[in-house]
Amino acid sequence: MGSIKSNYFNMLLVQKQLIEALKNGLSSLFEIQANDLVLQETKKEFEGSYTFVVFPFTKQAGLAPAAIAEKLGQFVLENYSGVKKFQVVQGFLNFSFTDDVWINALNKIIEGSQKFSLDKKGEKVLIEYSSPNTNKPLHLGHLRNNFLGFSVAQILDAAGYDVIKTNLVNDRGIHICKSMLAYQLTGQGETPESSGIKGDHLVGKYYVAFDQLYKSEIDVLIKQGIDPEKAKKEAPILLKAQDMLLAWENGDQEVMDLWKTMNTWVFAGFEKSYAQMGVNFDKIYRESNTYLLGKKLVDEGLKEGVFYQKEDQSVWINLEEEGLDEKLVLRKDGTSVYITQDMGTAQLKFEDFGAKKSIYVVGNEQDYHFEVLFHILKKLNKPYSHGNFHLSYGMVDLPSGKMKSREGTVVDADDLMAEMVQTAKERTMELGKTDGFTEEASNELYQQLGMGALKYFLLKVDPKKRMMFNPEESIDFQGNTGPFIQYTHARICSITRKAMESGIDLMNRHANGVELAVTEIDLIYILGQYKSIIETAAEAFSPSLIAMYAYDVAKQFNKLYNELSILKEEDENKRNIRLTLADITGKTIQHAFSLLGIVSPNKM
RNA sequence: GGCUUCAUAGUUCAAUGGAUAGAAUGUAGGUUUCCGGUACCUAAGAUGAAGGUUCGAUUCCUUCUGAGGCUACCA
């Protein structure tokens, strides 16, 4: 079990008082001044709620662990009336509390549930995510990126930051020209309207077409006896694409027109995909607008001696002191490279928003690139150079192996989302759950369930880790899945609806003296952790912590639901406490899921 | 080759240096009164290998084995 890390403010009163009592105990019994005491959750097999580990104090106290624990436990029991009993197991000191302590905690949680978000910090954070290329449609990897970026933005917002969401679209470069060239050669004036193909998919089709043409040209050259490496570099169609890039950079009218037209198609397609994903941005940047900006920074850096120029006029930075190599920042012909653009974009974003913290949601294959970028910004001594963080996420693997766009083994984002929604529809209709629904309401529900399943599946895993995407498991609605939690929420709504119809006030404070069951205490315990979880998830940029927490809450509630009656409980005090617990559980799930970008329907 | 990330039940995922390594799924059983059974309960099942540091190692260090990624005047 993990420790309970949290700033003091978000802790329950129980924890605060226990920590104070332990501090006093340590100082008056052993003259040990300890500042940051950490509590742990007591493991299920042992009695108690919080555990204090005394091993670290054995030397200072000069006693065996069990002896320290015994004395300390006795001290706390005598000085803090909320403690019911303590137990010593080796060096572990376990505390149990009175029911009144938990009822007070519940009352505190009721107040807190009016507003789950933490207080405003008055600090801006910029988050850049999505960052698609405009030469092909989005795939599964982009889904992880978009869901992650959006969710982290939501979490930071809930943690009190002022969040700005940006998207840097890569709309220029040789890869874009490849689609354009293939279209010029074989497109015959096809448009999204004429073909009925979504714009980004249509452009992607020509990107694939280019690759096929390119490969067949290479084959021909190789058969003519040309060295394969040479053939790859000299295939006519590739040379044409390079020419086209030059023409683009020179503003050639025909090329620009085609580029604009095809970009318009792609953007229209992306708009639809983003709408379906439920993500959005405060500002979209395009590399075609920002790629020249970095040059100014290179000039500055040259004057300050951060960069240096080689004989051929190319500009470099030496990062050997940082354990890296020399890195090129400007080509010998004066054109910018990828990192030059990113320097420029960083500067531009800072000028636009003035945020000193910046998060880049980009795959881990670019770890090195961002390491270099952040070092460069530091050397340039920029005001925003110390708040940069590369939220590096792992690749999504398929059971069949790695996704490779050129080999056609990618899972298309639009297809997958449609499939998830369709599956949700089939499952729900089999169960006859939407019988009283209008068609519109049903379709909305299928959206929420299908997308909920997909988002939860991708977000429950630690972002840093590589993950396996198994299509069959992702559409599972049982176990640790989005729909399981959504179902728990819907069931709670049904209960609270009935309670409200009979005029029960769910948000009332509860009086002391009611006896609580273990499952009730466990649920109060978990519900009381929510704000700390938000805080931790924000620090770690980790939606998976929120996802796991929501699952724990749902499971703990289902356990209670099976063991105890809620509406049918005859003792009014007990019934009201359980109704309050149900209500707060529902609200907590709903809020946690909103941080993941998932909707929790009231009925399903 | 150099740098880097990862390796946990059959499978997919958890575990600030702490107790008997948790879930889910799958398998085998089970649930008097079911407020919504997409639920709940029980059982079997795992730290790649070898060393080291520590009262204590899945976690930190070293070596090995295996799998990714980076190593472009592409983006």
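All heavy atoms count here, side chains included; hydrogens, waters and symmetry mates do not. Residue numbers start from 1 in every chain, and the chains themselves are labelled A, B, ... in the order their sequence lines are given, proteins ahead of strands.
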Expected rows: protein N/O vs nucleotides 23-29 of chain B N/O, under 3.5 Å:
unit_1	atom_1	unit_2	atom_2	d
A23(B)	OP1	Lys44(A)	NZ	3.0
A23(B)	O2'	Lys555(A)	NZ	3.4
A24(B)	O2'	Asn480(A)	N	3.4

Between [N] atom [atom2] and [X] atom [atom1], what is the distance in whole Å?
| X | N | atom1 | atom2 | value |
| --- | --- | --- | --- | --- |
| Leu560(A) | C41(B) | CG | P | 12 Å |
| Met467(A) | C6(B) | CE | P | 17 Å |
| Gln529(A) | U16(B) | CD | P | 14 Å |
| Ile566(A) | G36(B) | CD1 | C1' | 12 Å |
| Met468(A) | A7(B) | CE | P | 14 Å |
| Lys43(A) | A21(B) | NZ | P | 7 Å |
| Asp397(A) | C13(B) | CG | C1' | 14 Å |

Task: 5'-most by nearest nucleotide on RNA chain B - Phe477(A) or Phe457(A) - done: Phe457(A)

Open item on the list: Applying the 5.5 Å / 30° rule, does Tyr561(A) stack onto the base of C40(B)?
Closed with: no

Open item on the list: Determine whether the aromatic ring of Phe92(A) stacks with the base of G18(B), defined as ring centroids separated by less than 5.5 Å and ring planes inclined by less than 30°.
Closed with: no

Open item on the list: Counting only heavy atoms and a strict 4.0 angstrom limit, can you tell me which residues of residues 567-577 of chain A come near RNA chain B?
Closed with: Leu567(A), Lys568(A)

- [ ] Select one nucleotide: of C35(B), A39(B), C13(B), the one nearest the side-chain heavy atoms of Ile495(A).
- [x] C35(B)

- [ ] Look at the side chain of Phe46(A) and decide which nucleotide, out of G36(B), C13(B), A19(B), has an atom nearest to it.
- [x] A19(B)

Pick the [atom1] atom in [N] and in [M], then give their distance to the nearest Å.
| N | M | atom1 | result |
| --- | --- | --- | --- |
| U58(B) | A19(B) | P | 9 Å |
| U4(B) | C61(B) | P | 12 Å |
| A9(B) | A14(B) | P | 13 Å |

Task: Polar contact flag, side-chain donor to acceptor under 3.5 angstrom, His175(A)-Asn170(A) - done: yes

Does [X] have any side chain to side chain donor-acceptor pair (under 3.5 Å) partners at least two apart in sequence or in another chain, and if so, which?
| X | answer |
| --- | --- |
| Thr166(A) | none |
| Gln422(A) | Glu426(A) |
| His375(A) | none |
| Gln590(A) | none |

Throw together a table of side-chain donor-acceptor distances under 3.5 angstrom for residues 544-559 of chain A, partners on residues two or more places apart or in other chains.
unit_1	atom_1	unit_2	atom_2	d
Ser544(A)	OG	Ser542(A)	OG	2.9
Tyr549(A)	OH	Ile526(A)	O	2.7
Gln556(A)	NE2	Thr519(A)	O	3.4
Asn558(A)	OD1	Arg491(A)	NH1	2.9
Asn558(A)	ND2	Thr488(A)	OG1	3.3
Asn558(A)	ND2	Ala554(A)	O	3.4

TODO: Examine C35(B): is either OP1 or OP2 under 4.0 Å from a nitrogen or oxygen in the side chain of Lys498(A)? Give yes or no.
DONE: no

TODO: For each nucleotide in nucleotides 70-75 of chain B, reading 5' to 3', give B when a protein heavy atom comes within less than 4.0 Å of its base, S when such contact involves only the sugar-phosphate, and - otherwise.
DONE: S--BSB

- [ ] Using a 4.0 Å cut-off on protein heavy atoms (strictly under), produce a 5'-to-3' string for nucleotides 54-61 of chain B with B for base contact, S for backbone-only sugar-phosphate contact, and - for none.
- [x] -B------

Open item on the list: For Phe389(A), give me all partners under ring-ring contact (aromatic ring centres under 6.0 Å, His included), at least two apart in sequence or on another chain.
Closed with: Phe541(A)

Listed pairs, N/O of protein and of nucleotides 1-4 of chain B, under 3.5 Å:
none

Open item on the list: Stem finding on RNA chain B, please: runs of three or more consecutive Watson-Crick or G-U wobble pairs, both distances under 3.5 Å, sorted by first number.
Closed with: B:1-7 with B:65-71, B:10-13 with B:22-25, B:27-31 with B:39-43, B:48-52 with B:60-64

